[in-house]
Each structure stands twice: as C-alpha cells, then as structure tokens.
Amino acid sequence: MSDTGGRWALAATEGGGARLVALGPGGAPRGPVVTAPDLVTAVRDRPHVERWVWRSTPEIHPRLLDAGVRVERCHDIEAAEQLLLGHEGRLGEPRSAGAALARLRGGPVPPDPPPRSAEPGAQSSLFDPVPVPLPLESLVEVYGEQQRRLDATEHPGRMRLLVAAESAGMLVAGEMGRAGLPWRADVHRRVLAELLGERYAGGGEPRRLAELADEISAAFGRRVRPELPAEVIKAFARDGVRLRSTRRWELEEIDHPAVAPLLEYKRLYRIWVAHGWSWLQDWVRDGRFRPSYLPGGTVSGRWTTQGGGALQIPRVIRRAVVADDGWRLVVADVAQMEPRVLAAISRDPGLMEVAGHDGDLYALLSDRAFSGDREQAKLALLGAIYGQTSGDGLRNLAALRRRFPAAVAHVDEAARAGEEGRLVRTWLGRTSPRAVGRDEGDEAGLPQEAPEPAPGSGGSDGFTPGHSSADARARGRFTRNFVVQGSAADWALLLLAALRQALSGIRAELVFFQHDEVIVHCPAEEAETVARAIGRAAGIAGEAAFGRTPVRFPLTTAVVECYADAK
DNA sequence: AGTCCTCACCGG
DNA sequence: AACTCCGGTGAGGACT
C-alpha cells in the first residue's frame with residue numbers, strides 16, 4: 001500500500017492551514033504529524049487517502065469544493081457522534097466533537113450551538129459560528145473512542161456501514177447543494193402568470209386571488225378574507241353550516257356556493273406564498289436552485305433542507321426544472337420502496353418472494369393474498385406500516401397476517417416496543433429517540449432501561465407502561481413506522497453513496513435527492529450511462545444494506561429535459 | 001418588537 | 001374511505 005493511503009485524520013487550524021496524521025488499525029496515529037500551511041493543498045497532495053477523518057464535513061468540505069478537490073470518503077466525527085449517541089439511548093446530548101471530548105475526559109460538556117436559521121442562498125456553513133478549534137490530537141482521541149463504541153454496538157458491521165454512509169451523505173449533500181438544481185426563472189414566472197395572473201404594484205394578492213376572494217365574499221354576501229380560517233368558519237356558521245376546520249376534505253363535503261372558489265383560492269394561495277415570486281427572488285440565482293441539505297435531519301434518517309422547501313416542490317412548479325442546452329435530467333425513483341424494505345428487514349419468506357420481482361408489487365400481493373384486489377392489498381400493507389387504526393386497511397390486516405406473518409409480526413413488535421417505552425432501530429442501527437420532546441431538562445440519572453415519563457412540559461402526563469394510554473399508542477405508531485421508514489432511509493443513503501462513486505470521472509452531477517428519488521444532470525450523451533449506473537447502484541445498495549436477499553429495488557427511470565415530464 | 005403556537009398546505 | 005406515519009413552510013395571532 002502506498003504510504004499516503006489508508007485513513008488520515010485532519011484538523012483545520014487558524015488561517016486556512018491544517019495538521020494531519022496517518023492512522024493505523026484501531027485509529028491510532030502511525031506516523032508523524034504533518035503541519036500544512038494550506039488545508040486544500042494538503043488534501044489535494046494526498047489523492048490516495050482512502051478515508052479522511054475530520055470533525056465535521058460542513059467545516060472542511062466547502063473549501064475543498066471551492067478548489068475543485070474531490071475526496072473519496074470521510075468519517076464525519078460529529079455525524080458519527082450523533083448516530084452513536086442515538087444507539088446508546090442518549091439522543092439529545094450535545095453531539096459536537098468538543099462535547100464528545102469532554103465526555104471522554106470527564107470535563108464540563110459544552111452545549112451545541114443553536115441550529116442555523118434558514119438563509120436564502122447561504123453557501124454551506126461558512127458563516128456558522130465555529131466552535132473552539134479542536135487540536136488534531138483531540139480529534140484522534142475522539143475517533144479512537146468512537147471506534148471502540150462502534151465495536152460495542154449490537155451489530156458493529158452494520159453500524160460502521162451506517163456511519164460510513166452518513167458521512168458519504170454529508171459529502172453528497174455538500175456537492176449537491178453546490179451544483180444546484182437547474183432552474184429556469186423565466187419558465188417559473190410564466191407558470192405563475194398563468195396560474196395567478198398579474199401582480200399588482202402594491203405587493204398585495206395577484207389578480208386571480210383577488211378575483212377569487214371577491215367571488216367568495218359575494219357567495220357569503222359579505223366581506224370574508226379566505227386566508228383566515230376563523231373568519232371562514234364564522235361565515236359558514238352564519239349560513240347554517242357547521243365546520244370543525246376549513247381543511248379541504250371537510251369543505252368538499254358541504255354544499256355551498258363559496259366552496260368551489262374557496263378550494264381554488266387555497267390551492268393558488270399556497271403556490272403564491274410557498275413558491276411564488278418572492279421565493280424565486282430569494283432562492284434562484286444564475287439558473288440554479290441551491291437548497292442546503294441536511295442528511296439525517298429527521299430522526300428516521302431522512303434528509304431535510306434548510307429553507308427553500310426543496311423537498312416539497314409542487315408538481316406544477318416542476319416545469320421550471322429544465323436541463324441546460326444539450327444536457328438531460330435523469331430522474332429515477334424506487335417503486336414501492338417501503339413494502340420492499342419491510343420484506344428485507346422482516347425476512348418474511350412470502351413477502352420476500354413478492355418483493356423479488358421488478359413488477360407492480362401490490363398487484364402481485366393481491367394475487368397472493370387478496371384475490372386480485374390491488375387497492376385492498378395496498379391499503380392493508382400501508383395500514384400495517386403506518387399503524388392504521390380504522391377503515392379498510394384494518395379489516396384486511398387479518399388476511400395480510402395469515403399470508404405474511406413474519407412481516408406483520410415485525411412491525412407489531414416495533415409498535416409494542418414503542419408502547420413499552422423501549423427503543424427501536426433501523427436495520428443498520430439508527431435508533432429512535434427515547435420519547436417525544438426530550439431534548440433538554442434534567443433527565444440525567446434516569447435509568448437506561450426504565451420507561452421514561454415525558455418531561456413535564458406540554459400538558460402531557462406521559463404514559464404508563466402496560467396501560468394503553470393515547471400517548472403510548474401514538475408512540476407505538478411512531479416506532480412501527482420508524483423501523484420501515486428509517487431502514488428505507490438507510491437504503492437510500494447507500495444508493496447515494498454508490499451513485500456518487502459511479503459518477504466520479506464523468507461530467508454528470510447529482511442535483512436532487514428526495515427520500516426515494518434522485519435527479520442527475522448530465523450531457524445528453526452520458527444519459528444512458530447514468531441511467532444504468534443508477535440501476536446498478538440500487539442493486540449494490542440493496543445487498544450492502546440488507547445482505548443477500550431475493551428482494552429487488554427496481555427503479556423507474558426517465559431521461560427528460562424537463563422534470564415535469566418525468567411522470 | 002420578538003417568540004412561540006396553530007393552522008393549512010405540500011410532499012414522501 | 002378516511003385522514004393513520006414523517007417533516008418544511010408561511011401567515012396570523014396570542015403572548016411576553
């Protein structure tokens with residue numbers, strides 16, 4: 001092996017420099033500490049390093065991206081700390097490298113800095129308050145301890161994979177935020193004009209919304225502001241219609257001339273406030289929408305974004321997502337991801353057989369257990385995953401349980417764990433938080449294994465094990481869903497990591513990721529290569545995550561110029 | 001004036 | 001047919 005290969009630890013120093021050292025097995029230094037005046041050069045000069053160990057990807061990675069330096073892999077100490085704390089049932093304790101060091105040495109543990117507020121166009125975290133610089137020696141110490149803690153987890157191999165995948169996700173997030181989603185502001189403006197009409201100079205509602213508001217007022221015979229639910233409910237009450245809320249499905253039930261314009265108003269109002277002209281102004285620059293992605297932003301491991309609503313782009317607005325001239329968008333999403341994941345994690349033979357085909361999973365499922373009724377089969381399975389408490393899904397659960405006992409038992413056991421106050425884990429080991437809203441307070445000293453009463457705030461009196469309080473049942477639905485949704489997130493993370501590897505060396509760029517869907521922007525001539533690479537990455541992810549199972553993760557892939565044409 | 005909560009929507 | 005899981009976003013309004 002080359003002298004520069006293997007793992008290296010790197011710590012940033014004041015003024016753009018770095019100190020770094022090669023690591024041996026177990027994470028101990030196996031060479032002299034190098035002091036480099038320039039961090040970027042130090043990394044660029046060591047292309048054979050297999051994994052960089054650093055405090056936090058947002059601290060280091062943006063500088064490398066600025067200089068066009070790509071790294072193969074990293075170990076993000078703070079991301080790893082978060083996962084390890086979770087596995088240890090200590091989610092909510094400070095996750096910074098400094099906090100990890102303090103716990104290790106027994107000093108006072110500094111609280112984490114408050115999360116950054118959404119800032120349109122903010123590139124990475126350059127403006128974050130950077131905590132005290134952590135010396136290389138401290139970093140290596142924390143890393144070594146993390147290795148020991150990884151060895152102590154329930155499934156060390158899986159947990160190591162999770163930490164590696166989360167770290168890869170941090171790299172992908174940085175690169176994707178940098179690349180940006182191709183966005184045609186002119187197309188977006190045209191769509192807005194078609195839907196909403198002109199804007200008035202005063203900055204108030206656009207024409208179409210004003211017209212609808214007038215129609216609504218006319219239907220009530222008095223001035224009603226449709227964006228205020230309380231006012232709408234009162235107006236209906238005067239006309240003898242009682243409403244609990246102004247939610248769409250509730251309005252759809254009633255017969256009143258104001259309903260039709262009101263529903264249209266709500267649809268358009270939503271687009272105006274969430275993805276209208278001011279959004280465009282704030283978030284689109286130089287033909288790109290650049291959200292800031294946060295891997296593991298939710299407890300289940302799904303990503304979130306900070307600002308910009310990148311994970312809720314309405315379908316009509318997708319018309320503005322257009323590839324550059326001569327380029328294409330390769331849009332791929334997994335078909336029926338959650339039932340396939342349930343098959344893989346429960347190892348239910350019948351469900352694995354059904355999930356072992358690329359075709360419509362629900363159709364196959366209905367052939368096997370529901371005498372051909374696809375909708376019933378789908379509702380039953382989703383009901384089992386979501387913990388449905390009523391309706392058709394529940395009725396058909398019995399049939400599901402007969403045919404796929406291990407699958408149903410798997411989610412039932414997760415629900416029972418939640419109800420009893422126990423923790424549950426995804427397949428790779430991401431762990432549920434102990435209880436709702438326990439992110440501060442004086443919980444220290446509570447026994448690990450004892451169910452924990454909810455902290456005093458919030459009007460909830462917690463739950464009592466063995467009694468099925470509403471809180472306990474809600475907790476059960478959460479943990480039931482967590483094992484499936486979270487394991488799906490495990491898989492998706494591995495897909496991203498594999499795809500990132502596959503795209504290195506060509507011009508294609510990952511530009512979007514949303515739970516079960518990726519978009520790659522590439523020259524037209526690379527589109528077929530990219531489409532095949534995504535399919536291969538899905539297979540690699542399935543086997544890496546869940547081992548050898550018959551379960552397949554087929555992708556629906558489209559090569560398009562406009563995102564809106566993908567479905 | 002700033003903070004927190006609720007509502008309602010979007011999307012998976 | 002009912003509205004169960006997860007989260008982000010903005011506006012309004014109650015509160016300090």
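First the proteins, then the strands, lettered A, B, ... as listed; each starts at 1. No hydrogens, no waters, no symmetry mates; every other heavy atom, side chains included, goes into these values.
Residue contacts shown for A/Thr298 are limited to sugar-phosphate atoms, with no base heavy atom under 4.0 Å away. Residue A/Gln514 is in sugar-phosphate contact alone, with no base atom involved, counting any heavy-atom pair closer than 4.0 Å across all strands shown. Within 4.0 Å (heavy atoms only), A/Ile271 reaches no atom of the nucleic acid at all.
Atom-to-atom, CZ of A/Arg302 to P of C/dG7 comes out at 10 Å; the value is rounded to the nearest Å. Residue A/Asn481 contributes atom CG, which lies 12 Å from atom C1' of C/dG7 at whole-angstrom precision. Taking atom CG of residue A/Leu381 and atom P of nucleotide C/dC5, one finds them 17 Å apart after rounding to whole Å. The distance from atom CZ of A/Arg225 to atom P of C/dG12 is 9 Å, rounded to the nearest whole Å. Computed from coordinates, the A/Lys378 NZ to C/dA1 C1' distance equals 14 Å when rounded to whole Å. In this structure, CZ of A/Arg430 is placed 14 Å from C1' of C/dC6, rounded to the nearest angstrom. If you take NZ of A/Lys234 and P of C/dG12, they are 16 Å apart, rounded to a whole angstrom. Atom CG in A/Leu294 sits roughly 16 Å away from atom C1' in C/dT9 (whole-Å rounding).
Annotation for A/Glu194: atom CD counts as buried by contact number, over 12 foreign heavy atoms lying within 6.0 Å.
One side chain, A/Asp239 or A/His256, offers a donor N or O that lies under 3.5 Å from an acceptor on the other. Looking at A/Glu205 and A/Tyr265, their side chains do bring a donor and an acceptor atom within 3.5 Å of each other.
Nearest-nucleotide positions on DNA chain C for A/Glu252 and A/Val299 put A/Glu252 closer to the 5' end. DNA chain C is contacted by both A/Val273 and A/Gln312; A/Gln312 maps to the nucleotide lying nearer its 5′ end (nearest heavy atom per residue).
Of the residues listed (A/Arg95, A/Glu88, A/Arg430), the one engaging A/Leu83 in a side chain to side chain contact (heavy atoms under 4.5 Å, CB included) is A/Arg430, and it is the only one. For the ring pair (Phe, Tyr, Trp, His ring centres under 6.0 Å) with A/Phe289, the lone residue among A/Trp279, A/Tyr563, A/Phe512 that qualifies is A/Trp279.
Relative to the six-membered ring of A/Trp427, A/Arg158 meets both conditions, a distance below 6.0 Å and an angle of at most 45° to the axis.
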Run the side chain to side chain contact (heavy atoms under 4.5 Å, CB included) check on A/Glu561 and A/Leu329 step by step: do they pass? CA-CA 6 Å; A/Glu561 291 182 55; A/Leu329 300 169; over 6 Å; no
Passes side chain to side chain contact (heavy atoms under 4.5 Å, CB included), A/Leu361 versus A/Leu381? Steps please. CA-CA 11 Å; A/Leu361 183 143; A/Leu381 195 49; 4.2 Å; yes
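Contacts between residues 554-566 of chain A and DNA chain B, defined by a heavy-atom separation below 4.0 Å, involve no residue at all. Of the residues in residues 242-251 of chain A, those with a non-hydrogen atom less than 4.0 angstrom from any atom of DNA chain B are A/Ser245, A/Thr246, A/Arg247, A/Arg248.
Contact check, A/Arg477 against C/dC5: a side-chain N or O comes under 4.0 Å of OP1 or OP2.
For A/Glu175, the side chain to side chain donor-acceptor pair (under 3.5 Å) partners at least two apart in sequence or on another chain are A/Arg500. Listed by chain and residue number, nothing satisfies the side chain to side chain donor-acceptor pair (under 3.5 Å) test with A/Tyr362 (two or more places apart in sequence, or in another chain).
In the set C/dA11, C/dT9, C/dG7, the nucleotide with an atom closest to the side chain of A/Tyr269 is C/dA11.
Taking CD of A/Glu231 as the reference point, atom CZ of A/Phe220 lies at 10.0 Å (rounded to 0.5 Å).
Listed by first and then second residue, the side chain to side chain donor-acceptor pair (under 3.5 Å) pairs that reach into residues 481-494 of chain A are A/Ser300-A/Gln485, A/Thr426-A/Asp490, A/Asn481-A/Gln485, sequence neighbours excluded.
Between chain A and DNA chain B, the heavy-atom contact criterion of under 4.0 Å yields a 5' to 3' nucleotide range of B/dC7 to B/dG12.
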